[in-house]
Amino acid sequence: MNLARIQTPLGTFRAYFSAHGLARLEFPSARAASRNKTRRLPPSNSKTQAPDFQPAGLHVWQAVTAKALGAALSGHAPKAWPPLDWSGGTDFQRRVWVALRRIPPGQTRTYAQLAATLGQPRAARAVGGACGANPIPVLVPCHRVTAASGGLGGFSGGLAWKRRLLAIEGVNLRRARKLR
DNA sequence: ACTGGGTAAACAG
DNA sequence: CTGTTTACCCAGT
């Protein structure tokens, strides 16, 4: 895995690139959190990691990722994306992550709505699990998925980040709940 | 506001 | 294969 630090107004994110693209994005201070708590977020196939690879477009990927992250943190949809390496996910998880990317900034969906768009209206709970396993938060906007009850649901990076990201996009949680 | 039953998927053993 | 654990949902109190 190839690490890049991305400075933003909200802190330094860490982006990990495999030979196939962006594989993981960590919030600032996710390091300390992952040391203390037994956060088993990454699909970390520490065994299958290639020793020394240097993807041809790595620097371009890093620049594109930094720009995309900057846009996302300003509440805009990125104009360009790096390739995403989702090889660690199951088929179901990848379907959920694809669906996540079709939710525009400023909008939210419930876990049940997302499940319905996948043609599995009863899989709300499983969708929650897949969101929690999303290795690329912010860019793959799992923060736009909330509980149907009006609650926030959960967030792998901590609920404070979820609230923050939604606030940046202008989502008023109280109003979003009412409109439902 | 709270509860219980239903549910899909991942995971440990 | 069975049992356990979820970032859930909904119809009942």
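So that the names make sense, note that chain A is the first sequence line, chain B the second, and so on, each numbered from 1.
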Trainee: Searching all strands shown, indicate the nucleotide that pairs with C/dA7 (Watson-Crick or G-U wobble; both distances under 3.5 Å).
Mentor: none
Trainee: Which base, if any, makes a Watson-Crick or G-U wobble pair with C/dC1, both distances under 3.5 Å?
Mentor: B/dG13
Trainee: Between atom CZ of A/Arg102 and atom CD of A/Gln107, what is the distance when rounded to the nearest 0.5 Å?
Mentor: 13.0 Å
Trainee: Give a yes/no answer on whether the side chain of A/Ser156 brings an N or O atom under 4.0 Å of OP1 or OP2 in C/dA7.
Mentor: no
Trainee: Return the nearest nucleotide to the side chain of A/Ala124; candidates are C/dA7, C/dC8, B/dA10.
Mentor: C/dC8
Trainee: Rounded to whole angstrom units, what separation is found between the CG atom of A/Asn134 and the P atom of B/dA9?
Mentor: 18 Å
Trainee: Hey, is the side chain of A/Gln120 poking within less than 4.0 Å of OP1 or OP2 on B/dA9, counting only N and O atoms?
Mentor: yes
Trainee: Rounded to whole angstroms, how far apart are CZ on A/Arg122 and P on C/dA11?
Mentor: 13 Å
Trainee: Which nucleotide wins on minimum distance to the side chain of A/Arg125, given the candidates C/dC9, B/dA8, C/dA7?
Mentor: B/dA8
Trainee: May I ask you to test the A/Trp97-A/Ile136 pair for a side-chain heavy-atom distance under 4.5 Å?
Mentor: no
Trainee: With rounding to the closest Å, how many angstrom separate the C1' atoms on C/dT6 and B/dT7?
Mentor: 12 Å
Trainee: In Å, rounded to the nearest 0.5 Å, how long is the span from CZ of A/Arg125 to CZ of A/Arg122?
Mentor: 16.0 Å
Trainee: Let's see if you can work this out: which of B/dA8, C/dC9, C/dA7 has an atom nearest to the side-chain heavy atoms of A/Ala123?
Mentor: B/dA8
Trainee: Any chance the side chains of A/Glu169 and A/His143 put a donor and an acceptor closer than 3.5 Å?
Mentor: yes
Trainee: Can you tell me the distance, in whole Å, between the CD atom of A/Gln93 and the C1' atom of C/dT6?
Mentor: 13 Å
Trainee: In this structure, would A/Val98 and A/Val138 fall into the same cluster of hydrophobic residues linked by side-chain contacts under 4.5 Å?
Mentor: yes
Trainee: In this structure, how many angstroms lie between the C1' atom of C/dA7 and the CG atom of A/Leu159, rounded?
Mentor: 8 Å
Trainee: Looking across every strand, which nucleic acid part, if any, lies under 4.0 Å from A/Tyr111 by heavy atom: base, sugar-phosphate, or nothing?
Mentor: base
Trainee: May I have the distance from A/Leu114 (atom CG) to B/dA9 (atom P), rounded to whole angstrom?
Mentor: 13 Å
Trainee: Output the rounded distance in Å from CH2 (A/Trp161) to P (C/dA7).
Mentor: 21 Å
